[in-house]
Asker: 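One structure is given below, represented as structure tokens, and several questions about it will come after.
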Amino acid sequence: AACGTSFIPSVALRHQRGALIVGDQAGQRLGPYIIERRIGAGGMGVVYRAHHATTRTAAALKVMAPGLVEDPDYQERFLREARLARLAAR
């Protein structure tokens, strides 16, 4: 478990140009999810702990860094990681 949290299912949301979320964004919406807190960052982007606004289902949201969004290799890697995380959550 990373950052002292138990594993939660991951959801990949494609970053929209200029919309990368940084810093303390608790309470902000990203699609149908409400951000609780930032739990990590790396070369591909930022990861947030969040929950679905309607179902309250916990999720980890990974947002791609703006400089990588248009790169097809990074897009594929991002989606591959999301698929693997979803399989690991089963």
Asker: Going by the side-chain contact (heavy atoms from CB on, under 4.5 Å) test, name the single residue among R83, E81, R77 that passes it with L79.
Answerer: R83
Asker: Mind checking side chain to side chain contact (heavy atoms under 4.5 Å, CB included) for T55 and listing every partner two or more places apart, or none if nothing turns up?
Answerer: H52, T57
Asker: Between R29 and I34, which heavy-atom pair has the shortest distance, and what is it?
Answerer: CG-CG1, 4.1 Å
Asker: Using side chain to side chain contact (heavy atoms under 4.5 Å, CB included) as the criterion, list what pairs up with L84, not counting sequence neighbours.
Answerer: R80
Asker: To the nearest 0.5 Å, what is the distance between NE2 on H51 and CD on E36?
Answerer: 5.5 Å
Asker: Which heavy atom in A41 sits nearest to a heavy atom in R38, and how many Å separate them?
Answerer: CB-NH2, 3.0 Å
Asker: Quick one: CG on D71 to CE on M64, what's the gap to the nearest 0.5 Å?
Answerer: 7.5 Å
Asker: With rounding to the nearest 0.5 angstrom, report the CZ to CZ distance, R37 to R49.
Answerer: 6.0 Å
Asker: Check the hydrophobic clustering (I, L, V, M, F, W, Y; side-chain heavy atoms under 4.5 Å; chains of links allowed) and say if L30 and V46 are grouped together.
Answerer: yes
Asker: Quick check for you: to the nearest 0.5 Å, what is the distance between L61 atom CG and I39 atom CD1?
Answerer: 8.5 Å
